Amino acid sequence: MDKFQAVLNLHLQHPRVLGYGLVTLLTAGGERLFSVAVFQCPCSAAWNLPYGLVFLLVPALALFLLGYVLSARTWRLLTGCCARGARPGGCGPRLRAALVCVQLSATAAVAPLTWVAVALLGGAFYECAASGSAPLARLLCRGRDAACEAQLPLAPCHQARAPDAQDLLKELKAQSQVLGWILIAVVITFLLIFTSIIRCLSPVSFLQLKFWKIYLEQEQQILKSQATEHATELAKENVKCFFECSHPKEYNTPSIRDWQQISSLYTFNPKEQYYSMLHKYVHRAEKSESIKSKEGDTVIPILGFVDTPGMHTTADL
């Protein structure tokens, strides 16, 4: 029981880190499964290159797009955007939208980069693709047997009769693994530099950041509870009036404009200390005042977690 509690506490304290770790493990496992059970190099000079590149890059592209689909910030940015675009302000300043897109892209790139790195370390996809590349074949077979270039596409299937062509598979696998390790090193270095920079530019201290995340968790739990209760009461009243042919009681429900304001992406203003768009909304000076964009509002990468929580229900699963 104590071990289970320790795992639960770890999940509550570091949900994003554990989430990235789980995505990485699942992606790596999926790549291994594909390379063993699905991938079969055609060993054809015409098909080796496209076939190998498809297995190397297309799943990475699919995972990248899936990263956008599964991000709450994507739908906060897009939901109702076209309808708002007809009014002044549209979807917000271009620079702000561009910064959010960069953050979304960086988050969505975790799974595809993992796929490519693991695939390169395995070497099967690269061996197949490279053996079908005529320029690379000429480069590798320079100074070797005359039949090397023609036999190289057959090497991944161990059908090459030229001994030089079969030996080149080791060189291709070495190239693939070197590229894989270089990719891993570049990603880790970039991640370290990027994390250090956004931490350095944080407008709040380390402990306040922890408090901020606790506040958001509690706000979302209470918002979901209150929304469920309010929606249930409203539904009951409407169904009751339908069957009894009576007039419904008056319920105070937020307007479309109110929902739009608290659903917009969070921007930080050093003159005001608000922990969410809901927090900013209830403390606005006037009821008619817009909270979406004020002078001094900025998008800060480290505060992107503010837009991540949402009211998840069984209908969303």
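Throughout, residue positions are numbered sequentially from 1 according to the sequence presented. These figures come from a predicted structure and were not determined experimentally.
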key: Connected-component partners of V178 among ILVMFWY, side-chain separation under 4.5 Å   = I182, V186
message = Strictly by ring-ring contact (aromatic ring centres under 6.0 Å, His included), give each pair with a member in residues 127-161 just once, sequence neighbours left out.
response = none
Minimum heavy-atom distance between L49 and A129, given as atom pair plus value = CD1-O, 3.2 Å
message = According to a hydrophobic-cluster definition based on side-chain heavy atoms being under 4.5 Å apart (Ile, Leu, Val, Met, Phe, Trp, Tyr only), do M277 and L303 belong together?
response = yes
query = Less than 4.5 Å apart, any side-chain heavy atom of L201 and any of I300?
reply = no
query = What pairs of residues pass the side-chain hydrogen bond (donor to acceptor under 3.5 Å, both in side chains) test when at least one of them lies in residues 120-140, not counting sequence neighbours?
reply = N48-S131, Y126-Q175
key: S176 side chain vs L120 backbone, donor-acceptor pair below 3.5 Å   = yes
ask   = Quick check: are there more than 12 heavy atoms from other residues, nucleotides or ligands sitting under 6.0 Å from OH of Y215?
value = yes
key: Any donor-acceptor pair under 3.5 Å from S225 side chain to Q221 backbone   = no
query = Is there side-chain contact between T267 and K280, with heavy atoms separated by less than 4.5 Å?
reply = yes
From Y281, Y266, F268, F211, residue fulfilling ring pair (Phe, Tyr, Trp, His ring centres under 6.0 Å) relative to Y275 = F211
query = Are V38 and L57 co-members of a hydrophobic cluster defined by side-chain heavy atoms under 4.5 Å apart?
reply = yes
request  = Determine whether V110 and I188 fall in the same hydrophobic cluster, where Ile, Leu, Val, Met, Phe, Trp and Tyr are linked whenever their side-chain heavy atoms lie under 4.5 Å apart.
outcome  = no
ask   = What pairs with Q40 under side-chain hydrogen bond (donor to acceptor under 3.5 Å, both in side chains), at least two apart in sequence or on another chain?
value = none
query = Do any N or O atoms from the side chain of W75 and from the backbone of V69 form a donor-acceptor pair under 3.5 angstrom?
reply = yes
inquiry  = Do T107 and Y68 pair up side chain to side chain, a donor and an acceptor below 3.5 Å, judged on atom types alone?
reply    = no
message = Holding to side-chain hydrogen bond (donor to acceptor under 3.5 Å, both in side chains), I want the full list of residues that pass it with T195, two or more places apart in sequence or in another chain.
response = none
key: SG-SG under 2.5 Å, C128 vs C41   = yes
key: With sequence neighbours excluded, residues passing side-chain hydrogen bond (donor to acceptor under 3.5 Å, both in side chains) with Y51   = none
query = So, the side chain of E237 versus the backbone of P248: is there a donor-acceptor pair under 3.5 Å, distance only?
reply = no
ask   = Is any side-chain heavy atom of R199 less than 4.5 Å from a side-chain heavy atom of L209?
value = yes
ask   = Taking the side chain from S263 and the backbone from Q260, do they hold a donor-acceptor pair closer than 3.5 Å?
value = no
query = Side chains of V118 and T27: does their closest heavy-atom pair fall under 4.5 Å?
reply = no
key: Closest non-hydrogen atom pair, L56 against P59   = C-CD, 4.4 Å
request  = Would you check if I184 and L121 make a side-chain contact, meaning some heavy-atom pair closer than 4.5 Å?
outcome  = yes
